[in-house]
Amino acid sequence: MKRTQLREHIFKMVFCMDFCPEEEMPEQLALYTGQLESAGEEDLEYISGKSKKIAARTEEIDRLINEHATGWKTGRMNKVDLTILRLAVYEMKWDEDVPTGVAIDEAVELAKKYSGEEGPAFVNGVLAKLAD
């Protein structure tokens with residue numbers, strides 16, 4: 001599976017975290033990954049591992065987002081944009097395999113696909129400030 005596809009699955013799992021109690025997440029992850037017929041064992045481990053790493057750093061990630069999102073706090077953001085930002089911030093700060101520019105570009109592409117009309121520009125603006 002390509003990194004872009006893996007990232008999209010991770011986005012969906014991180015999105016779910018806002019709506020499911022923490023104790024249900026292992027079951028939710030198992031249900032979700034069980035439906036991914038085209039994913040190999042390595043892909044499933046990557047999706048699961050990265051989702052868990054993002055969950056473990058959510059407070060720290062949200063703090064960084066709040067510091068760089070002028071006029072917006074994470075509590076007021078729509079959940080799609082917030083999830084995209086969480087994934088991208090994690091990749092920018094803690095995933096050494098993903099260059100910052102790639103994390104930003106992929107986040108903007110996710111926003112084009114899943115967010116509203118202003119989502120891509122918003123996501124790009126917050127991440128550009130964070131990258132400086």
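Note that this is a predicted model, so its numbers are computed, not measured.
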Next on the checklist: ring-ring contact (aromatic ring centres under 6.0 Å, His included), that's the test. Do Tyr114 and Phe11 meet it? Break it down for me.
Outcome noted: CA-CA 10 Å; Tyr114 291 102; Phe11 159 75; 4.9 Å; yes

Item to check | Residue pair Glu109, Thr4: steps toward the side-chain hydrogen bond (donor to acceptor under 3.5 Å, both in side chains) verdict | outcome: CA-CA 9 Å; Glu109 290 304 312; Thr4 299; over 6 Å; no

Checklist entry - With a 4.5 Å limit on heavy-atom distance, are the side chains of Arg86 and Asp18 in contact? => result yes

Item to check | Steps toward side-chain contact (heavy atoms from CB on, under 4.5 Å) verdict (Asp43, His9) | outcome: CA-CA 10 Å; Asp43 295 334; His9 292 300; over 6 Å; no

Item to check | Shortest non-hydrogen contact between Thr100 and Ala131, atoms and distance | outcome: CG2-CB, 3.9 Å

Item to check | Distance-minimising heavy-atom pair for Ala39 and Leu44 | outcome: CB-CD2, 3.7 Å

Checklist entry - Looking at Ile84 and Ala107, what are the two nearest heavy atoms and their distance? => result CG2-O, 3.4 Å

Checklist entry - Just wondering, do Arg3 and Val98 contact through their side chains at under 4.5 Å, heavy atoms? => result yes

Checklist outcome for this item: Correct closest heavy-atom pair for Val123 and Ala111 would be CG2-CB, 4.1 Å

Checklist entry - Where is the tightest heavy-atom contact between Ala69 and Val126, given as atom of each residue plus distance? => result CB-CG2, 3.9 Å

Checklist entry - So, does Asn66 use its side chain to make a donor-acceptor pair with the main chain of Thr74 at under 3.5 Å? => result yes

Checklist entry - Quick one: which of Ile65, Val14, Leu87 gives a side-chain contact (heavy atoms from CB on, under 4.5 Å) with Leu82? => result Ile65

Next on the checklist: Do Val102 and Leu85 land in one hydrophobic cluster if side-chain heavy atoms of ILVMFWY residues count as linked below 4.5 Å?
Outcome noted: no

Checklist entry - Using 4.0 Å as the upper bound for N to carboxylate O, is an ion pair formed by Arg63 and Glu59? => result no

Next on the checklist: Looking only at the side chains, is there a donor atom on one of Lys129 and Thr70 sitting less than 3.5 Å from an acceptor on the other?
Outcome noted: yes

Next on the checklist: Could you check whether any side-chain N or O of Gln35 sits under 3.5 Å from a backbone N or O of Tyr32, counting only pairs where one atom can act as donor and the other as acceptor?
Outcome noted: no

Next on the checklist: Within a 6.0 Å radius of atom CD on Glu22, are there more than 12 heavy atoms belonging to other residues, nucleotides or ligands?
Outcome noted: no

Item to check | Note: Glu8-Lys113 ion pair, threshold 4.0 Å (strictly below) | outcome: yes

Item to check | Nearest-0.5 Å distance, CG of residue Leu64 to CE of residue Met92 | outcome: 9.5 Å

Checklist entry - Would you call Lys53 and Trp94 a side-chain contact if the rule is heavy atoms closer than 4.5 Å? => result no

Next on the checklist: Taking the side chain as everything from C-beta on, heavy atoms only, tell me whether Lys2 gets closer than 4.5 Å to Leu6.
Outcome noted: no

Checklist entry - Counting only N and O atoms by type, is there a donor-acceptor contact under 3.5 Å from the side chain of Asp81 to the main-chain atoms of Asn78? => result no

Next on the checklist: To the nearest 0.5 Å, what is the distance between CG on Leu36 and NZ on Lys12?
Outcome noted: 8.5 Å

Checklist entry - Closest heavy-atom contact between Ser51 and Met17? => result O-CE, 3.1 Å

Checklist entry - Any chance CD of Glu118 has more than 12 other-residue heavy atoms, nucleotides or ligands included, within less than 6.0 Å? => result no

Next on the checklist: Students often mix this up, so state it plainly: with edges at 30° and 60°, are the rings of Phe122 and Trp72 parallel, tilted or perpendicular?
Outcome noted: perpendicular

Checklist entry - Any sub-3.5 Å donor-acceptor pair from Thr58's side-chain atoms to Ala55's backbone N or O? => result yes

Next on the checklist: When you compare the side chain of Tyr46 with that of Lys50, does any pair of heavy atoms fall below 4.5 Å?
Outcome noted: yes

Item to check | Spatial distance of atom CD1 (Ile10) from atom OG1 (Thr83) [nearest 0.5 Å] | outcome: 13.0 Å

Checklist entry - According to a 4.5 Å side-chain heavy-atom criterion applied to Ile, Leu, Val, Met, Phe, Trp and Tyr, with indirect links allowed, do Phe19 and Leu31 form part of one hydrophobic cluster? => result no

Item to check | Beyond-backbone contact of His68 with Leu127, side-chain heavy atoms, under 4.5 angstrom | outcome: no

Checklist entry - Could Glu60 and Lys93 be called an ion pair, given the rule that one side-chain N must be under 4.0 Å from one carboxylate O? => result no

Checklist entry - Under a 4.5 Å cut-off applied to non-hydrogen side-chain atoms, are Met13 and Met25 in contact? => result yes

Item to check | From NZ (Lys52) to CD1 (Ile47), nearest 0.5 Å | outcome: 12.0 Å

Checklist entry - Is Arg76 reaching over with its side chain to a backbone N or O of Gly71, donor-acceptor style, under 3.5 angstrom? => result yes

Checklist entry - Passes salt bridge (charged side-chain N to carboxylate O under 4.0 Å, His left out), Asp62 versus Arg57? Steps please. => result CA-CA 9 Å; Asp62 285 359; Arg57 293 193 178 263; over 6 Å; no

